[in-house]
Amino acid sequence: MITPEDGNPLVDDYACRLDFQSGWVDLTMQEGTRAEAESLVKKAVAQFNPLKMVVQEASLVKELTDRALEAYEDGPILVAAYCTEGGGILASLEVDSYGEPGVPRPSPAEVQPQLLEWANAEVIGEPEVAHPDLRAGRAVRVQSMLKTKRMLGFGRRLTEFIKYAVFPPETSSVIVATVRWEAIQRSEELALLTDELVSSMRLVPLDAGGKEISTDLLK
């Protein structure tokens, strides 16, 4: 959930929404239990065409369930994975919200270098930086390669990522969407899919009970 600025008394909170197109599997959980994760994933995997699957359904369910549970520990507001028709997992998505009541929101210029900071990896090469205007608000977009340390520090792994920092006018929060993948040979395709997904981002006003409020009531 996203803390609103003081404004319309009907609004208690905001929820971030994305329009997940074919291939994206929404892994966002409310309770964070394995039972919830397995139920969520099984419903999604049931939509795959079994004639096109190249991985075992049980293996895909386990992998997506583990990803959902692991991501939940970090407290994101949205989690998803992008899968091929055959069930191969190509990319992961996490959306987080940052902000505190009474604390001024940082500017895009202040946030931009933070988008290139990783705890267990380093950016290599010159990142691509853009400043698009999205449906949800102005944004900073960065894309670059990452060199990630492997388990116990042995070896390195190359991945690619896109991060968006979005500055919605409805709140004082910054929403950060991160998509990351290892299939470098499909970077152009995955970048287009990421841009399409993030461009659909919007904030939906919620009342004190967590129910969506019709925008007509806010006019």
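Quick note: numbers below take in every heavy atom, side chains included, and nothing from hydrogens, waters or symmetry partners.
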Checklist entry - Who are the side chain to side chain contact (heavy atoms under 4.5 Å, CB included) partners of Y98, not counting sequence neighbours? => result D96, V176
Next on the checklist: Under the rule for side chain to side chain contact (heavy atoms under 4.5 Å, CB included), what residues qualify as partners of S199, not counting sequence neighbours?
Outcome noted: none
Test item: [X] and [Y] side chains (from C-beta on) under 4.5 Å apart, heavy atoms:
X	Y	result
E128	V142	no
L197	Q21	no
L116	P127	yes
V174	V166	no
C16	L78	yes
W24	L18	no
L158	I124	yes
Y164	V140	no

Separation of [Y] [atom2] from [X] [atom1] (nearest 0.5 Å):
X	Y	atom1	atom2	value
Q185	S187	CD	OG	7.5 Å
E188	L193	CD	CG	11.0 Å
S173	Y14	OG	OH	10.5 Å

Looking only at non-hydrogen atoms, find the nearest pair between [X] and [Y] and report the distance.
X	Y	answer
P104	G102	CD-O, 3.8 Å
A68	A37	CB-CB, 4.3 Å
R141	A191	NH2-CB, 4.2 Å
F20	A80	CE2-CB, 3.5 Å
K163	L115	CD-O, 3.2 Å
A183	L190	O-CD1, 4.2 Å

side-chain hydrogen bond (donor to acceptor under 3.5 Å, both in side chains) involving [X] - partner list, sequence neighbours excluded:
X	result
R67	E63
D66	R34, K62
E182	R157
E110	S107

Got a donor-acceptor contact below 3.5 angstrom from the [X] side chain to the [Y] backbone?
X	Y	result
R105	T171	yes
S39	A35	no
E122	T148	no
S200	D19	yes
N49	L51	yes
E36	G32	yes

Checklist entry - Other than M53, what residues sit in its cluster of Ile, Leu, Val, Met, Phe, Trp and Tyr side chains whose heavy atoms are under 4.5 Å apart, directly or through others? => result V25, L27, V41, V45, F48, V54, V55, L60, V61, L64, V79, I89
Checklist entry - So which residues get pulled into L69's cluster when ILVMFWY side chains under 4.5 Å apart are joined, directly or through others? => result M29, L40, Y72
Next on the checklist: Membership question, hydrophobic clusters at under 4.5 Å side-chain separation (ILVMFWY): are L134 and I77 in the same one?
Outcome noted: yes
Checklist entry - After noting the C-alpha distance and the side-chain angles of L203 and I175, does the key distance pass the side-chain contact (heavy atoms from CB on, under 4.5 Å) rule? => result CA-CA 10 Å; L203 295 190; I175 301 175; 3.6 Å; yes
Checklist entry - Which residue pairs pass the ring pair (Phe, Tyr, Trp, His ring centres under 6.0 Å) test when at least one of the two sits in residues 171-205, sequence neighbours left out? => result none
Checklist entry - Taking only residues at least two apart or on different chains, which pairs with a member in residues 118-146 satisfy ring pair (Phe, Tyr, Trp, His ring centres under 6.0 Å)? => result W118-F161
Checklist entry - Side chains of Q143 and E160: donor-acceptor distance under 3.5 Å anywhere? => result yes
Item to check | Whether over 12 other heavy atoms sit under 6.0 Å from Q56 CD | outcome: no
Checklist outcome for this item: Sequence neighbours excluded, the answer for salt bridge (Lys or Arg N to Asp or Glu O under 4.0 Å) partners of R138 is none
Checklist entry - Is there a side-chain contact (heavy atoms from CB on, under 4.5 Å) between T178 and L93 once you walk through the steps? => result CA-CA 6 Å; T178 304; L93 162 78; over 6 Å; no
Checklist entry - Tell me, which pairs form a side chain to side chain donor-acceptor pair (under 3.5 Å) where one or both residues lie in residues 80-90, sequence neighbours left out? => result none
